[in-house]
Amino acid sequence: MTPPTEQRRTRVAEEASRVAGGVRTLGEALARLLQPAAHRLGLVGADIVPLLVLLVCAVVLFVGLAGGAEVYEGVRERGDLARFDQPVLDWAVSHRSGGLDSAVTAFTHLGGPVYFPIILVVLLAVFTWLRRTASPFLVLALGLGSALAFTAAGKDITARSRPPRALAVPPYESSPSFPSGHTVTATVTAVLFAYLVFLTARSRRVRTVAVVLCSLWALLMGLSRVFLGHHWLTDVMAGWCLGVAWGALVIVVNTARLLLRTRHRRLDDAGDTPVAG
């Protein structure tokens, strides 16, 4: 009779095999789906990968925008999500202490208007030097510039009040609360930073570490805003959704640009460059 431990191991192995098979089947299906588009663009083999990136980012963009819209609708109508705002803030207030408040405030300042530009300049310098191209500057500038613009517009449109100052940790902020600007910019930066690491690094370990650190940066930045009483939880949730969506949009634009550049280069090499009309 087979021992119970061995049976569990067999079941786990079989399940892992089924999952792996499903992933391969999905990948093959996506490749077949994108093959006609790749052929029309003059792309072959590994060049289908950027098309897969486009497809995945398009899905992420849709989900992020839908999530942000759902959060906004809940806030506007004081729905289920908004009902968690006050209890979560009350929990944060009950767990504050002098040392913890100072540490969280120092961290949240890293995403503010003073220290964040310094961090951004350092990141841009590193990636520009590693890749010997201005592409990182264009990607981050496009992503953050547009993110700041739509965040400001969102604040003006919603005009939501921040939590009461009696429940907040100084220094206080007076701009509208929805969405959280710190969270949007931190999330957009995290998405684009991870994307640039994937373009630059060849080590799987480096890529994995980058994704984990970027995810923690966006997550903790948002939670710090709630803990300090500068934002409601739904402000931060909307910031995460919109930040992920906007980062995905920038990746779609940049990937499409790279695909078009590849296509034109191949047409040039083949001597079939179309004449402009």
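We number each residue from 1, following the sequence as shown.
- A heavy-atom distance below 4.5 Å is not found between the side chains of Asp235 and Thr183.
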- Message: Between Gln86 and Leu167, is the side-chain contact (heavy atoms from CB on, under 4.5 Å) condition met? List the steps.
- Response: CA-CA 10 Å; Gln86 190 63 52; Leu167 301 179; 3.8 Å; yes
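- Connection of Val121 to Phe193 is not established within any shared hydrophobic cluster, with ILVMFWY side chains joined at heavy-atom distances below 4.5 Å, either directly or through further cluster members.
- No side-chain N or O of Arg162 forms a donor-acceptor pair with one of Ser174 less than 3.5 Å apart.
- The minimum heavy-atom distance between Ala190 and Cys214, with the atom names listed, is CB-O, 3.3 Å.
- Distance check: Thr189 OG1 to Trp217 CH2 gives 7.5 Å after rounding to the nearest 0.5 Å.
- Gly239 and Val184 get closest at one heavy-atom pair: CA-CG2, 3.5 Å.
- A chain of hydrophobic side-chain contacts below 4.5 Å, direct or via other Ile, Leu, Val, Met, Phe, Trp or Tyr residues, connects Leu249 to Leu242.
- The two residues Gly67 and Cys241 have their closest heavy-atom pair at C-SG, 3.8 Å.
- Val60 approaches Ala248 most closely through the heavy-atom pair CG1-CB, 3.9 Å.
- Here the closest non-hydrogen pair linking Gly229 and Ala168 is O-CB, 3.5 Å.
- Taking OG1 of Thr234 as the reference point, atom CG of Asp85 lies at 3.5 Å (rounded to 0.5 Å).
- By the rule that hydrophobic residues join a cluster once side-chain heavy atoms approach within less than 4.5 Å of another member, Phe84 and Val236 end up as members of one cluster.
- Linking Ile, Leu, Val, Met, Phe, Trp and Tyr residues whenever their side-chain heavy atoms come within less than 4.5 Å leaves Leu233 and Val93 in two separate clusters.
- In this structure, Val226 and Val88 have side chains that are in contact, with non-hydrogen atoms separated by less than 4.5 Å.
- When side chains are defined from C-beta on, Val212 does not count as touching Ser215, because their heavy atoms never get closer than 4.5 Å.
- When side chains are defined from C-beta on, Thr208 does not count as touching Arg205, because their heavy atoms never get closer than 4.5 Å.
- For the side-chain contact (heavy atoms from CB on, under 4.5 Å) test, residues two or more places apart in sequence or in another chain that qualify with Val63 are Val59.
- In terms of the salt bridge (Lys or Arg N to Asp or Glu O under 4.0 Å) criterion, residue partners of Arg83 (sequence neighbours excluded) are, by chain and number, Asp80.
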Please table the atom pairs, donor to acceptor, closer than 3.5 Å between any side-chain atom in residues 105-113 and protein atoms at least two apart or in another chain.
residue, atom, partner, partner atom, Å
Thr105, OG1, Asp101, O, 2.7
Thr108, OG1, Ser224, OG, 3.3
Thr108, OG1, Arg225, NH1, 3.0

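- Crowding of Glu70 atom CD: a count of heavy atoms from other residues, nucleotides or ligands under 6.0 Å not exceeding 12.
- Closest approach of Ala210 to Val197, counting heavy atoms only: CB-CG1, 3.6 Å.
- Hydrophobic cluster membership of Ile118, counting Ile, Leu, Val, Met, Phe, Trp and Tyr whose side-chain heavy atoms lie under 4.5 Å apart directly or via other members: none, as it forms a cluster of its own.
- For the pair Lys155 (side chain) and Pro179 (backbone), a donor-acceptor distance under 3.5 Å is present.
- For residues 158-192, every residue pair satisfying the ring pair (Phe, Tyr, Trp, His ring centres under 6.0 Å) rule, not counting sequence neighbours, is listed here: Tyr72-Phe178.
- Transitive grouping of hydrophobic side chains (ILVMFWY, heavy atoms separated by less than 4.5 Å) brings Ile119 and Leu192 into a common cluster.
- Within the structure, every pair that satisfies the ring pair (Phe, Tyr, Trp, His ring centres under 6.0 Å) test and touches residues 222-256, not counting sequence neighbours, is listed here: Phe150-Trp246.
- The side-chain heavy atoms of Val191 and Ile251, taken from C-beta on, include a pair separated by under 4.5 Å.
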